[in-house]
A.B. asks: 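Below is the structure I would like to discuss, written out as structure tokens.
A note on names: the letters A, B, ... follow the listed sequences, proteins ahead of strands, and every chain is numbered from 1.
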Amino acid sequence: MSTINAQADNASRHAALNATAGCVHNWSQTLVPTTREAPSDAETPSHIFLVRAGYIRQVGAGIYNYLPLAWRSLKKISAIVREEMDAAGASEFLMPALMPIELYKDTKRDVDYGNLLFTLEDRHGRRSALGPTHEEVITDLMCGAVTSYKQFPLNLYQIQSKFRDEARPRAGLLRCREFIMKDAYSFHLELEGDAGLNHTYDKMYQAYTNIFTRCGLDFSAVEAEAGPIGGSASHEFMVNCANGEDTILHCPSSGYTANVEKAEIGERTWSFDVAPSAEITKHHTPNMPGIDLVAEHLGVQPAGMLKSIVFRRVGTEAKWVVAVVRGDHDVNEGKVRDAVGTAVELAPEAEARAAGFAIGYVSPRTIDTIKMTLVVDPDALNAESWATGADEKDHHITGFNWSRDMADAIAGGKVKVADIRNAEAGDPSPRAPGAFLETRRGIEVGHIFKLGTKYSSAMGLSVLNKEQKKQDVIMGCYGIGVSRTLSACIESAHDENGIIWPLAIAPYHAQIVVIRPDDEGVMDEANKLAAELSQQGFDVLIDDRDDRPGSKFKDADLIGIPLRFIISPKTIESGEIEFKARADEGKAELIKREDAVRAALAKCESIA
RNA sequence: CAGAGAGUAGCUCAGCUUGGUAGAGCGUCUGGUUUGGGACCAGAAGGUCGCAGGUUCGAAUCCUGUCUCUCUGACCA
């Protein structure tokens with residue numbers, strides 16, 4: 001963990017506190033519109049609490065106001081990101097959010113990104129885009145700004161609002177159309193060595209580990225698919241949380257961790273040579289979309305069926321690919337791509353029908369009538385008898401047997417066996433023989449990629465190297481969803497009463513709940529304590545509202561400030577003060593007034 | 001994009017079937033009484049019922065169109 005520039009006399013101060021004096025704010029002078037009820041459409045905890053606790057208000061679908069509390073937390077996350085990025089040798093700068101659409105032409109991302117790209121037209125009829133990421137802008141910038149190999153390596157980053165026209169924004173800040181992101185781009189002429197991509201990639205991996213650790217998050221770094229952004233290697237940083245959107249596979253024995261798109265499956269035994277146990281029988285199965293319905297009708301389990309998915313190779317001649325998996329498994333497009341050696345996409349239904357595929361009723365036997373590549377998952381081979389499509393509308397068959405019914409194709413080497421499905425809990429580990437994969441859920445908050453020369457070659461970013469040869473620049477890119485990190489943190493750290501912030505990214509470190517602020521001396525005492533805490537680097541929120549104690553306690557739980565003091569006429573009378581951590585169960589404890597700051601400092605050590 | 005649902009007060013919702021000029025709770029404001037886990041009493045403010053057409057003597061309510069938002073799925077650095 002990197003250190004903050006601490007003053008000499010505060011060398012032991014907790015890293016989550018300010019190095020210099022913290023701020024003191026009064027609740028009555030800021031905007032924290034808490035509500036008793038959440039909007040009815042809020043369903044996930046982070047969405048409910050962000051709204052109820054007065055952090056965000058919705059403006060449109062996937063577009064939110066960040067109110068003062070949220071903005072303070074976002075700034076703290078950003079500050080940690082900046083410190084770690086700077087410490088890792090990256091330089092902050094800022095690109096525009098708005099850019100001419102032409103920038104996306106060379107890389108074809110205006111098409112590849114599709115409707116996800118926000119576009120608009122200005123008064124002159126020019127089309128522009130709101131940046132979803134900035135590979136093109138920075139590559140274009142580098143084309144003109146970097147002239148010599150001696151300027152590499154470079155790593156530049158920005159923190160900025162990003163725009164994606166998500167088909168379905170959801171869950172508050174978790175999936176927005178406008179969101180805050182840190183994106184970094186690195187440039188190299190080689191992979192290895194101190195100046196190479198791999199070195200920077202490793203530094204970013206470490207910086208991300210530092211960032212999410214300092215944010216107080218429970219997270220995993222997982223191997224990931226590069227996706228449409230392209231590139232050769234990538235890792236995702238996922239906040240572990242039970243209701244996360246993404247599935248992670250984990251091998252407890254080897255520590256192998258990958259997301260479901262990437263996760264490999266260990267060795268599985270399989271054979272074509274299984275004696276048939278039944279004749280092929282045709283069944284009429286009309287109006288049964290989905291494996292489950294057909295299986296039920298045929299009286300078999302989904303695991304007793306074969307699922308045949310028709311893909312089309314992207315941009316080549318021999319175009320059809322049929323991927324066969326067991327009925328209860330899901331085909332993994334990336335693995336199919338790797339198995340057949342070219343990019344594939346789900347075949348458009350109309351075209352596949354025109355080519356002779358009985359979509360919805362396709363079986364491996366289609367290979368007898370249509371020229372195609374057949375890829376089969378090992379788990380789709382071993383049974384004596386399978387139920388599958390009849391290659392004819394509204395019909396399925398039972399009794400299919402690979403060795404008997406596909407003998408010619410197998411003998412001709414036309415049946416390729418490969419791991420082409422999503423891994424599941426219980427699958428053999430790819431790294432530790434005898435071990436089995438487990439699943440977890442997570443929310444992606446960071447992603448690092450080795451891009452290679454995808455963008456530089458498409459946009460002509462090249463320089464003369466030492467040997468005076470023109471060379472495409474090798475790139476990496478590194479993203480962090482700043483606003484998503486805020487909500488992911490709440491997803492994993494809350495109780496039924498509200499948010500429980502880690503010290504490092506809480507909007508304030510400490511809150512002083514003032515009971516009877518109108519009573520003589522109580523506010524004075526609160527201000528005095530706030531000043532003392534502030535001197536020690538605490539950011540302090542004083543709840544000075546003239547409200548009943550019950551409401552103030554409820555609101556305090558809701559907004560989730562880590563440390564809480566309670567001052568009332570009673571505590572002043574006895575020379576004491578009440579103190580508790582938000583994460584602690586039960587009531588606050590009474591401590592001596594003069595011990596207040598010391599108690600707060602000590603608590604920082606135990607909770608953060 | 002497919003399927004489903006919802007737009008009435010700051011928030012949660014009722015009213016719509018069976019048309020007659022709009023309600024409750026919470027919140028807000030005033031006064032009073034209160035003050036340790038979302039108090040109480042009295043009073044007040046606040047809505048051209050998403051928008052546009054249509055039917056009708058009369059539309060929140062019926063019809064048509066349209067916009068917006070949400071959920072499930074597909075999609076997704």
A.B. asks: Who is the Watson-Crick or G-U wobble partner of B:rU64, with both distances under 3.5 Å?
C.D. replies: B:rA52
A.B. asks: Looking at the side chain of A:Ala61, which of B:rG37, B:rU70, B:rU35 is the nearest nucleotide?
C.D. replies: B:rU70
A.B. asks: Work out how far the C1' atom of B:rU48 is from that of B:rG43, and round it to whole angstrom.
C.D. replies: 27 Å
A.B. asks: With a 6.0 Å cut-off on the ring centroids, do A:Phe179 and A:Tyr64 count as close?
C.D. replies: no
A.B. asks: CD of A:Glu245 versus C1' of B:rC76: gap in Å, rounded?
C.D. replies: 9 Å
A.B. asks: Need to verify one output field. Residue with the more 5' nearest nucleotide on RNA chain B, A:Arg175 or A:Gly62?
C.D. replies: A:Gly62
A.B. asks: Under 4.0 angstrom, heavy atoms only, what part of the nucleic acid is A:Gln58 near: base, sugar-phosphate, or nothing?
C.D. replies: sugar-phosphate
A.B. asks: For A:Ile577 and B:rG36, what is the distance between atoms CD1 and C1' respectively, to the nearest whole Å?
C.D. replies: 15 Å
A.B. asks: Walk me through whether A:Arg421 and A:Asp328 qualify under salt bridge (Lys or Arg N to Asp or Glu O under 4.0 Å).
C.D. replies: CA-CA 10 Å; A:Arg421 68 168 173 89; A:Asp328 58 328; over 6 Å; no
A.B. asks: According to the Watson-Crick and G-U wobble definitions, with both distances under 3.5 Å, which nucleotide is paired to B:rC40?
C.D. replies: B:rG32
A.B. asks: Going by purine N1 to pyrimidine N3 plus the second Watson-Crick contact, or the G-U wobble pair, all under 3.5 Å, which nucleotide sits opposite B:rA74?
C.D. replies: none
A.B. asks: Going through the checks in order, is the salt bridge (Lys or Arg N to Asp or Glu O under 4.0 Å) test met by A:Arg175 and A:Glu245?
C.D. replies: CA-CA 10 Å; A:Arg175 182 168 295 279; A:Glu245 280 193 315; 3.3 Å; yes
A.B. asks: Side chain of A:Arg548, heavy atoms from C-beta onward: which of B:rG36, B:rU70, B:rU34 has the nearest atom to it?
C.D. replies: B:rU34
A.B. asks: From B:rA74, B:rG25, B:rG37, pick the nucleotide closest to the side chain of A:Glu37?
C.D. replies: B:rG25
A.B. asks: In terms of side-chain geometry, is the basic nitrogen of A:Arg516 or A:Asp518 positioned less than 4.0 Å from the acidic oxygen of its partner?
C.D. replies: yes
A.B. asks: Taking the side chain of A:Arg564 as its heavy atoms from C-beta onward, which of B:rC76, B:rG37, B:rG38 lies nearest to it?
C.D. replies: B:rG37
A.B. asks: Determine the Euclidean distance between corresponding P atoms of B:rC76 and B:rU64; express it in Å to zero decimal places.
C.D. replies: 37 Å
A.B. asks: Base, sugar-phosphate alone, or nothing: which one does A:Lys552 contact when heavy atoms must sit under 4.0 Å apart?
C.D. replies: nothing
A.B. asks: Specify the separation, in whole Å, of atom CD1 of A:Ile512 and atom P of B:rG36.
C.D. replies: 20 Å
A.B. asks: The side chain of A:Ala167 is closest to which nucleotide in this list: B:rG37, B:rC75, B:rU70?
C.D. replies: B:rC75
A.B. asks: Name the closest nucleotide to the A:Thr571 side chain, picking from B:rG36, B:rU35, B:rG38.
C.D. replies: B:rG36
A.B. asks: Taking B:rA59 as the reference, what is the distance to B:rG53 when you measure between their C1' atoms (whole Å, please)?
C.D. replies: 13 Å
A.B. asks: Need one value for A:Pro33: base, sugar-phosphate or nothing, where a base atom within 4.0 Å counts as base even if backbone is also close, heavy atoms only.
C.D. replies: nothing
A.B. asks: Using atom P in both nucleotides, what's the gap between B:rG3 and B:rU55 to the nearest angstrom?
C.D. replies: 32 Å
A.B. asks: Under 4.0 angstrom, heavy atoms only, what part of the nucleic acid is A:Arg484 near: base, sugar-phosphate, or nothing?
C.D. replies: nothing
A.B. asks: For the side chain of A:Pro549, counting heavy atoms from C-beta on, which of B:rG37, B:rC71, B:rU35 is nearest?
C.D. replies: B:rU35
A.B. asks: Can you tell me, in whole Å, how much space there is between the C1' of B:rC16 and that of B:rU34?
C.D. replies: 43 Å
A.B. asks: Starting at CZ of A:Arg36 and ending at P of B:rA39, how long is that distance when rounded to a whole Å?
C.D. replies: 6 Å
A.B. asks: Contact class for A:Pro169 vs. all strands (heavy atom < 4.0 Å): base, sugar-phosphate, or nothing?
C.D. replies: sugar-phosphate
A.B. asks: For B:rC51 and B:rA60, measure between their P atoms and round to the nearest Å.
C.D. replies: 11 Å
A.B. asks: What is the distance, rounded to the nearest whole Å, between atom CD of A:Glu43 and atom P of B:rC69?
C.D. replies: 17 Å
A.B. asks: Given A:Tyr201 and A:Phe449, is the ring-ring contact (aromatic ring centres under 6.0 Å, His included) satisfied, shown in steps?
C.D. replies: CA-CA 8 Å; A:Tyr201 187 87; A:Phe449 296 88; 8.8 Å; no
A.B. asks: Any side-chain heavy-atom pair from A:His235 and A:Tyr208 closer than 4.5 angstrom?
C.D. replies: no
A.B. asks: What distance, rounded to whole Å, do you find between the two P atoms, one in B:rC29 and one in B:rA45?
C.D. replies: 16 Å
A.B. asks: With a 4.0 Å cutoff (strictly under), does any side-chain N or O of A:Arg168 reach OP1 or OP2 of B:rC76?
C.D. replies: no
A.B. asks: Specify the separation, in whole Å, of atom CG of A:Leu117 and atom P of B:rC76.
C.D. replies: 15 Å
A.B. asks: Just to be sure I understand the rule, does A:Glu166 reach a base, reach only the sugar-phosphate, or reach nothing, if contact means heavy atoms closer than 4.0 Å?
C.D. replies: nothing
A.B. asks: Heavy-atom nearest nucleotide on RNA chain B for A:Lys162 versus A:Arg545: which residue maps closer to 5'?
C.D. replies: A:Arg545
A.B. asks: If we call it a pair only when both distances are under 3.5 Å in a Watson-Crick or G-U wobble match, what pairs with B:rC11?
C.D. replies: B:rG25
A.B. asks: Across the strands shown, which category fits A:Ile480 at heavy-atom distances under 4.0 angstrom: base, sugar-phosphate, nothing?
C.D. replies: nothing
A.B. asks: Which of the following nucleotides, B:rU12, B:rC26, B:rG36, is nearest to the side chain of A:Ser568?
C.D. replies: B:rG36
A.B. asks: Of the listed nucleotides (B:rC71, B:rG36, B:rC69), which one gets closest to any side-chain atom of A:Arg177?
C.D. replies: B:rC69
A.B. asks: Just wondering, do A:Phe93 and A:Ile138 contact through their side chains at under 4.5 Å, heavy atoms?
C.D. replies: yes
A.B. asks: For B:rG5, give the paired nucleotide (Watson-Crick: N1-N3 plus N6-O4 or O6-N4; G-U: N1-O2 and O6-N3; both under 3.5 Å), or none.
C.D. replies: B:rC69
A.B. asks: Just the rounded figure in Å: distance from P of B:rU30 to CG of A:Asp546.
C.D. replies: 11 Å
A.B. asks: Could you check whether the side chain of A:Asp547 and the base of B:rG38 have a donor-acceptor pair of N or O atoms closer than 3.5 Å, going by distance alone?
C.D. replies: no
A.B. asks: Can you check the A:Ile515 CD1 to B:rU34 C1' distance for me, whole Å?
C.D. replies: 14 Å
A.B. asks: Looking only at side-chain atoms of A:Arg170, point me to the closest of B:rC11, B:rC75, B:rU70.
C.D. replies: B:rC75
A.B. asks: Using the C1' atom as the point on both nucleotides, what is the distance between B:rG5 and B:rG50, in whole Å?
C.D. replies: 16 Å
A.B. asks: What residue among A:Ile515, A:Asn497, A:Asp543 forms side-chain contact (heavy atoms from CB on, under 4.5 Å) with A:Phe553?
C.D. replies: A:Ile515
A.B. asks: For a 4.5 angstrom cut-off between non-hydrogen side-chain atoms, does A:Leu130 reach A:Leu98?
C.D. replies: yes
